[in-house]
Amino acid sequence: MELSTEKTIDWIERWVEYIKQNVTALNELDTAIGDGDHGTNLNRGTQAVKKALAEEKPQTLPLVYRTTAMALVSTIGGASGALFGTAFLTMARLSKDGETKLETLLLEANEAMKKRGKSDVGMKTLIDLWDPATKAFRDHKLTRSYIQNCVDKTKNMKASKGRSSYLRERSIGHIDPVAKSSSYLFIALLEVLEEDK
Amino acid sequence: MELSTEKTIDWIERWVEYIKQNVTALNELDTAIGDGDHGTNLNRGTQAVKKALAEEKPQTLPLVYRTTAMALVSTIGGASGALFGTAFLTMARLSKDGETKLETLLLEANEAMKKRGKSDVGMKTLIDLWDPATKAFRDHKLTRSYIQNCVDKTKNMKASKGRSSYLRERSIGHIDPVAKSSSYLFIALLEVLEEDK
Amino acid sequence: MKKIINNVENIAAEMVSGFVKTNPAKFKQLPETLAVARVDDDFVNGTNVGIVSGGGSGHEPLHLGYVGKGMLSAAIAGQVNTSPTPDQIYKAIKYADKGKGVLLIVKNYAGDVMNFDMAKELAEFDDITVKTIIVNDDISVEDAEDTQGKRGVAGTVLVEKICGAAAQNGMDLNSLAELGQKVIDNTKTIGLALSAATVPAVGHPGFKLAEDEMEYGVGIHNERGYATEKLAPSAVIANELVNRIMKAFGSTNGEFAILVNGLGATPLMEQYIFANDVVNKLNELNIKISFAKVGNMVTAIDMHGISLTITKLENDWKSYLRQDAQTVAW
Amino acid sequence: MKKIINNVENIAAEMVSGFVKTNPAKFKQLPETLAVARVDDDFVNGTNVGIVSGGGSGHEPLHLGYVGKGMLSAAIAGQVNTSPTPDQIYKAIKYADKGKGVLLIVKNYAGDVMNFDMAKELAEFDDITVKTIIVNDDISVEDAEDTQGKRGVAGTVLVEKICGAAAQNGMDLNSLAELGQKVIDNTKTIGLALSAATVPAVGHPGFKLAEDEMEYGVGIHNERGYATEKLAPSAVIANELVNRIMKAFGSTNGEFAILVNGLGATPLMEQYIFANDVVNKLNELNIKISFAKVGNMVTAIDMHGISLTITKLENDWKSYLRQDAQTVAW
Ligand SMILES: Nc1ncnc2c1ncn2[C@@H]1O[C@H](COP(=O)(O)OP(=O)(O)O)[C@@H](O)[C@H]1O
Ligand SMILES: Nc1ncnc2c1ncn2[C@@H]1O[C@H](COP(=O)(O)OP(=O)(O)O)[C@@H](O)[C@H]1O
Ligand SMILES: [Mg+2]
Ligand SMILES: [Mg+2]
Ligand SMILES: [Mg+2]
Ligand SMILES: [Mg+2]
């Protein structure tokens, strides 16, 4: 499926809003198994996205993705900045090269993040949300409960990437913060698509 | 009057013992208006004196004074080390030059400390004990109560030398720690002389 | 939380500004970045391989204090405990490049590794040759395949010094990257905390130790260590750290460099006492010390603690360490 | 009390030992003293006026960190917060003398002044020419006739640097003493504490400040200051210190050097933020800064706090400050 420039902006802005509403909760998830700043980091980044979209008023899909990517990448700095930045940069590059299918853009973004983080499913990272979620989306099976299920599954995983990996067994029992913050992106997408109907 | 080498050692060792018994009290006096180490400083010094006298076994008066002076001077390091060191060095030098009268030695020691500290009576220092005490000793009027009186008088003085001088008016109401520690030297002297009788 | 700051958001920016303003003849801040870069004639007219490092703020003097002749060409500061962003790293790479390429010295944290990686890609897009080495000297964490791997801590400064001196002497990029990797492989660090750091945005110490406790194996971001024990005399701590590090080396043959590093709130008095015990212990083990450094070199904000780094020296490393460096903090 | 030490009595001795053992090529410890002295060829074969300083321990890197080419010939450490003894000072003077005499740089405390004075007499007995200058830069205490006078604090290091450079360049003893005195007269410092130091022998902080309090005008031995106030932003503190010091100078004409000094437990992060505010304030007042230094230069054990020193520069002082010095800590 294709998403218009306007709808894409709507989608991203809804995500921005979700992050803003959940800063403290995301920080708390990161406190349990990281350094406690994921909410702050991502809110700094997404607020910069909101500002950049308002100021630059990108008129094409590649430009919307690029503006989003650059704002994230240039204001976050943490692990999540590089990862979300890579995702949106990939979507910018592919859409500029003519790819218009959102499914493909998302699947490729997921692959690019795996490469960036040298990570894969089962490592208790955002990949554990993105990988199943993008595939479900491709297969028209993405639902809120499916998303929630992916987030919840990270709880019983043992982290093997990032700060939480030092905790070894003790990382088990906590949800991964970027899986959670990523879930809002897919929930926001569902919302935008539902309104369309 | 003259004091034998043996008696002089006895005198100094009694002082050493007084300091050891009063370390904490002297530290407390110095805590009120200084940096709280006078007892520790002087005990380090006088214990070194005891050790040096035992090891070097000085056989003449100048050597006894010199041994005492060097031990004090080389182990204390604070204001009191320089002052007591100067006193005993002066007594060593004069007795080596043939002066045998204890009155003269003590009076000259007092003058040498005034020079060393650029200090005089009324500045709330050991001079407020030494100056009247040495003069009273010369005049055969030195008594325990006279000594105590000199010490007590420092209480209402405003300090104008050393750390306590920064306190200005707030230094009033506390006894000067070196006046107190000096008082034991003169009390020990009275004891030695009394035994002689 | 008691700190001499204005507000938590501006810490990194004001710190970098204060650094550059007090050293205007030697450094400048690259436009729209928190990157500090050399402006001395040697650099401006030079043609050596550039060396760029950086990372989250809170470890000062790392990295800005090591910018200068004989060490780094430029250093980028991130927010406190947060990697700098790729655009800023990219600008520093671009500034540092004199046509011979640029070496990136990165501490092994996911954020740093990925952000430097993105910057590298941006620079390569401009046909700048870039090589990256990842410092992971903290042997208090296992080097397991299924973790992020060992952390980069105080040993970073020795890597920066050795590579910086070699670059100054004209070494090419490939050789520099190889040299740096070898130094990393030969460098081992363990930290010790008496009390945790207070991250400004958090406002209280990252963990609590009782009045009579210390913790072996802490990281420089309040990462917990491998053992909490009763506070011990300096000599006992020195024994533990020396033994554990030398056990990791396996052999005591050869020459070694040591770095006794204060973690931010540790007086030099304690650092020198500890250094005395470390040297005594190494002498006892007949281990040859050819270079020693003591001081607050790689800190953890206001952590009260210390780390010991030992590097097994090869080839010219000793002379690279001893070579003059024109930086604020080496 | 949490400290990395072995026992309280041995602090100064083990610290000096650690310092010398980690710098064996540059320094030695004079026999039976806590004096650190240069052993480099330049010194051994040199014929310059010697410069000797020293004082109680607890202010590291002062003075031992400033021994080396271009600064001190030797430095003597006393017990914590206690002047060194005359016999040790005498030995350092004797070692430092190359036939051209020795300058003693002494901080204005009764114990230091008197013990250095006794050492001077011992040295003069050996026909060594000795001159003494007394540093008293702390303007937070009045310079009244009926007190010990102002204390010697962080400005000491600027006096040591300027005199050290001039001696290195061959200046004679009389001129050096005059130069040093002029620098002292032109140097003003005020300190600020967020928390007091813990003197090891005492075991707890010297005074208590509430979680939201700071104190202006503290000394480097826990001497109380002139005002306890609510903790303020760095820029407010910078304003207070700059204004008070510049008021004491009277005029803003000429060129100035600044030293932002950490008191022991203050992270560099805070020092650079504060330096940024100081420079901003001085710029606002159109005051020309020709030299700036930031770091833990003259500490008060583990005091959390900062001091600001400003020196009005005359003649060649700027170049003396900028001249290379081969020390551990400058
Ligand atoms: N190599 C990696 N691949 C994928 N995700 C990673 C990787 N390293 C870290 N992460 C994720 O990043 C999250 C932390 O993000 P954030 O808190 O914003 O950054 P930082 O760890 O730098 O503070 C972790 O929860 C972890 O899932
Ligand atoms: N210039 C001086 N002349 C005479 N006595 C002095 C002088 N300066 C200091 N003192 C005395 O020295 C005493 C402090 O001795 P002590 O505590 O041993 O040394 P410090 O002050 O170095 O810690 C003070 O109580 C004061 O009376
Ligand atoms: Mg985090
Ligand atoms: Mg005292
Ligand atoms: Mg982080
Ligand atoms: Mg004292």
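Just so we're on the same page: letters track the sequence lines, and every chain starts at 1.
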With sequence neighbours excluded, residues passing side chain to side chain donor-acceptor pair (under 3.5 Å) with C:Glu255
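Scan of C:Glu255 (side chain to side chain donor-acceptor pair (under 3.5 Å), adjacent residues dropped) gives C:Ser290, C:Lys318.
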Atom NZ of D:Lys69: over 12 foreign heavy atoms under 6.0 Å
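Atom NZ in D:Lys69 is not packed in, count stays at 12 or less.
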Chain C contact via [X] - side chain, backbone, both or neither, heavy atoms under 4.5 Å:
{"X": "D:His59", "answer": "neither"}
{"X": "D:Asn280", "answer": "side chain"}
{"X": "D:Ala257", "answer": "neither"}
{"X": "D:Asn296", "answer": "side chain"}
{"X": "D:Met303", "answer": "neither"}
{"X": "D:Val16", "answer": "neither"}

As an exercise, state the distance from [atom1] of [X] to [atom2] of [Y], rounded to the nearest 0.5 Å.
{"X": "C:Lys3", "Y": "D:His304", "atom1": "NZ", "atom2": "NE2", "value": "7.0 Å"}
{"X": "C:Asn6", "Y": "D:Glu270", "atom1": "CG", "atom2": "CD", "value": "11.0 Å"}
{"X": "C:Leu268", "Y": "D:Leu62", "atom1": "CG", "atom2": "CG", "value": "11.0 Å"}
{"X": "D:Lys293", "Y": "C:Asn23", "atom1": "NZ", "atom2": "CG", "value": "8.5 Å"}

Positive for side chain to side chain contact (heavy atoms under 4.5 Å, CB included) with D:Met269, one of C:Ile4, C:Val80, C:Ile5:
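It is C:Val80, the one option of C:Ile4, C:Val80, C:Ile5 that forms the side chain to side chain contact (heavy atoms under 4.5 Å, CB included) with D:Met269.
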Picking from D:Ile289, D:Leu259, D:Val294, D:Asn276, what satisfies side chain to side chain contact (heavy atoms under 4.5 Å, CB included) with C:Thr22?
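Output: one option passes, namely D:Val294.
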Could you tell me which of [options] has the largest number of non-hydrogen atom pairs under 4.5 Å with chain C?
{"options": "D:Ala265, D:Ala292, D:Gly58, D:Gly305", "answer": "D:Ala265"}
{"options": "D:Gly295, D:Gly264, D:Ala275", "answer": "D:Gly264"}
{"options": "D:Thr299, D:Ile237, D:Asp277", "answer": "D:Asp277"}

Determine whether a donor-acceptor pair (N or O, by modelled atom type, separation under 3.5 Å) exists between the side chain of D:Lys2 and the backbone of C:Leu194.
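Judged by distance alone, yes, a pair lies under 3.5 Å.
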Counting N and O atoms only, with roles assigned by atom type, does the side chain of C:Asp302 sit under 3.5 Å from a partner on the main chain of D:Pro267, one being a donor and the other an acceptor?
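Judged by distance alone, no pair lies under 3.5 Å.
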I'd like to verify something: which residue of C:Lys21, C:Glu60, C:Glu213 has the highest number of heavy-atom pairs under 4.5 Å with chain D?
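Of C:Lys21, C:Glu60, C:Glu213, C:Lys21 has the most heavy-atom pairs under 4.5 Å with chain D.
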For the candidates C:Gln271, C:Gln326, C:Met214, C:Glu14, which exhibits the highest count of non-hydrogen atom pairs separated by less than 4.5 Å from chain D?
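Heavy-atom pair counts peak at C:Glu14.
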